[in-house]
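What follows is a single structure, written as structure tokens, with notes after it.
Heavy-atom basis, side chains included; hydrogens, waters and symmetry copies ignored.
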Amino acid sequence: TCSENLSVGTVQSLIIQSIDRRAVELDAEGPSADKWPSTEETAEAAVLKQLTETDITGKIRGGLKSALSRMVDQTTDSARQTWHTVARHLLGEVLETDFHQGLTAEEAHRRLAAYGANLLPETHARSDWEIIFEQINSLPVYLLGAAAFVSVLTGGFIDAVVVMGVVAANAAIGYVTETRAEKTISSLRRFVNPTALVQREGQARRIPAHEVVMGDLLLLKPGMYVPADARLIEASHLSVDESMLTGESMPVMKSATTLRIKNTPLADRVNMVYMGTLVTGGQAVAMVVATGSRSEIGRLQLLLEQTES
């Protein structure tokens with residue numbers, strides 16, 4: 001079938017462009033003799049010919065939309081890597097969002113219930129024993145412990161006590177420092193409530209960042225943090241600091257141009273903005289394509305936790 005055989009990342013833009021051009025040509029030509037049955041044509045042949053010319057655009061678009069819609073619920077790497085290749089005019093169809101009005105309150109509520117809040121997975125809180133173990137689980141501590149043991153064997157009890165005292169003091173200082181840091185971060189999370197500026201029902205609204213859903217239209221301005229992964233719809237001199245995600249030290253200039261290469265590196269996807277990055281200049285409108293753990297930063301956090309475990 002059409003939806004099964006079409007490759008979204010490679011042929012969609014070319015097909016849609018050619019279809020659009022042909023549609024314009026047909027509209028400009030108007031009804032002509034070759035579009036209607038001659039005296040020798042049967043009614044069935046005429047209908048089939050007319051359907052071929054008038055419905056092919058809808059059928060192919062329907063196949064593309066079906067293929068693209070499967071991306072919405074997917075969380076695999078291959079699905080994440082295709083949004084930058086999707087033409088802008090197809091995003092509204094796939095995510096069922098009006099470019100001017102945005103989502104309705106009812107639809108946003110439905111999607112929030114379906115996909116969950118736009119929150120990163122909670123990190124595992126370390127216990128006191130885990131923090132203490134991390135302070136002494138290092139090569140320098142092992143060497144100092146070996147030196148203290150040798151001192152005991154050779155009769156240097158005072159030296160052994162001094163060495164172990166240094167180890168204990170280092171562990172205590174590290175434990176107190178890290179415990180206070182974790183408590184500070186935890187308290188900041190409770191008091192800081194990030195917000196997002198979105199277009200809903202034709203109006204710009206500021207909402208809590210955790211209520212952002214797929215298909216929301218983000219209004220990005222300088223000084224704002226991007227609340228979710230999004231595909232740019234419009235961009236005017238937009239620059240974004242992506243150092244926390246890509247390590248790039250300088251802000252990256254962005255544009256809404258559709259990219260054709262599916263495996264474009266993350267740092268080179270100029271038509272995408274990602275959760276947690278900072279808008280440093282310009283302004284833009286972007287459509288949310290991934291939230292929470294489905295975002296790139298959420299995926300990175302999950303990978304780090306899996307590596308540590």
With heavy-atom distances below 4.5 Å as the criterion, would you say the side chains of E96 and R111 are in contact?
yes
Going through the distances and angles, do V213 and R110 end up as a side chain to side chain contact (heavy atoms under 4.5 Å, CB included)?
CA-CA 9 Å; V213 297; R110 186 189 69 80; over 6 Å; no
Pairwise side-chain contact, T97 with L217, heavy-atom cut-off 4.5 Å (strictly under):
yes
Side-chain touch R200/D216, heavy atoms, less than 4.5 angstrom:
yes
In terms of hydrophobic clustering (I, L, V, M, F, W, Y; side-chain heavy atoms under 4.5 Å; direct or indirect links), are L120 and V226 co-clustered?
no
For L153, look at atom CG and say whether over 12 heavy atoms of other residues, nucleotides or ligands are found less than 6.0 Å away.
yes
When you compare the side chain of S239 with that of V252, does any pair of heavy atoms fall below 4.5 Å?
no
Is there a side-chain contact between T104 and E107, using heavy atoms and a 4.5 Å cut-off?
yes
Would one find more than 12 heavy atoms of other residues, nucleotides or ligands at under 6.0 Å from atom CZ of F133?
no
Looking only at non-hydrogen atoms, find the nearest pair between A117 and L112 and report the distance.
CA-CD1, 3.8 Å
OG1 on T179 to CD1 on I132, rounded to 0.5 Å
8.0 Å
Test K254 against E242 for salt bridge (charged side-chain N to carboxylate O under 4.0 Å, His left out), laying out the working first.
CA-CA 11 Å; K254 297 286 186 175; E242 297 182 336; 2.6 Å; yes
Stepwise, does the side-chain hydrogen bond (donor to acceptor under 3.5 Å, both in side chains) test hold for E178 with Q135?
CA-CA 10 Å; E178 293 199 18; Q135 303 307 313; 3.0 Å; yes
Between atom CG of L300 and atom OG of S293, what is the distance when rounded to the nearest 0.5 Å?
13.0 Å
Quick one: closest heavy-atom pair of A160 and V152, and the distance?
CB-CG2, 3.5 Å
F99 atom CZ: more than 12 heavy-atom contacts under 6.0 Å:
yes
Do the side chains of W83 and L232 join up, straight or via other hydrophobic residues, at under 4.5 Å, putting them in one cluster?
no
So, applying side-chain contact (heavy atoms from CB on, under 4.5 Å) with R231, which one of T85, L91, V273 is it?
L91
With rounding to the nearest 0.5 Å, note down the distance linking CG in L103 to CZ in R205.
10.5 Å
So how far is it from H109 NE2 to E211 CD, rounded to the nearest 0.5 Å?
10.0 Å
If you compare all heavy atoms of T177 against all heavy atoms of I173, which two are closest, and at what distance to 0.1 Å?
OG1-O, 2.8 Å
Can you find a pair of side-chain heavy atoms, one from V176 and one from R180, that are under 4.5 Å apart?
yes
Any sub-3.5 Å donor-acceptor pair from D229's side-chain atoms to S295's backbone N or O?
no
Assess, by modelled atom type and distance only, whether the side chains of S249 and S243 contain a donor and an acceptor separated by less than 3.5 Å.
no
Measure the spacing between OH of Y142 and CD1 of I136 and express it to the nearest 0.5 Å.
7.0 Å
Criterion side chain to side chain contact (heavy atoms under 4.5 Å, CB included) on T257 and N271, from CA distance to verdict:
CA-CA 6 Å; T257 304; N271 59 4; 5.7 Å; no
Are L219 and Y274 in one and the same hydrophobic cluster, where Ile, Leu, Val, Met, Phe, Trp and Tyr link if side-chain heavy atoms are under 4.5 Å apart?
yes
Do you know the tightest heavy-atom contact between P222 and G282?
CD-O, 3.0 Å
Return yes if a side-chain donor-acceptor contact under 3.5 Å exists between R269 and T264, otherwise no.
no
Please check this pair: side chain of H210 against backbone of T195, looking for a donor-acceptor N/O pair closer than 3.5 Å.
no
Quick one, L218 and V288 - any side-chain contact, counting heavy atoms below 4.5 Å?
yes
Show the numbers, then the answer: is there a side chain to side chain contact (heavy atoms under 4.5 Å, CB included) between T82 and K262?
CA-CA 6 Å; T82 53; K262 177 180 178 181; 3.5 Å; yes
Is there a side chain to side chain contact (heavy atoms under 4.5 Å, CB included) between L245 and M275 once you walk through the steps?
CA-CA 9 Å; L245 185 62; M275 175 188 281; over 6 Å; no
Taking N118 for the side chain and V212 for the main chain, is one N or O donor matched with an acceptor at less than 3.5 Å?
no
What one should report as the nearest heavy-atom pair of T280 and P251 is OG1-CB, 3.6 Å
Could you state whether F149 and V163 fall into the same hydrophobic cluster, counting links through intermediate Ile, Leu, Val, Met, Phe, Trp or Tyr residues with side-chain heavy atoms under 4.5 angstrom apart?
no
Taking the side chain as C-beta and beyond, is there a heavy-atom pair between M287 and L95 under 4.5 Å?
yes
Between CD1 of I233 and CD of Q199, what distance do you get to the nearest 0.5 Å?
12.5 Å
Would you kindly confirm whether L238 and V285 end up in one hydrophobic cluster when ILVMFWY residues are joined by side chain heavy atoms under 4.5 Å apart?
no
Compare every heavy atom of T291 with every heavy atom of M214, then report the nearest pair and how far apart it is.
N-CG2, 4.1 Å
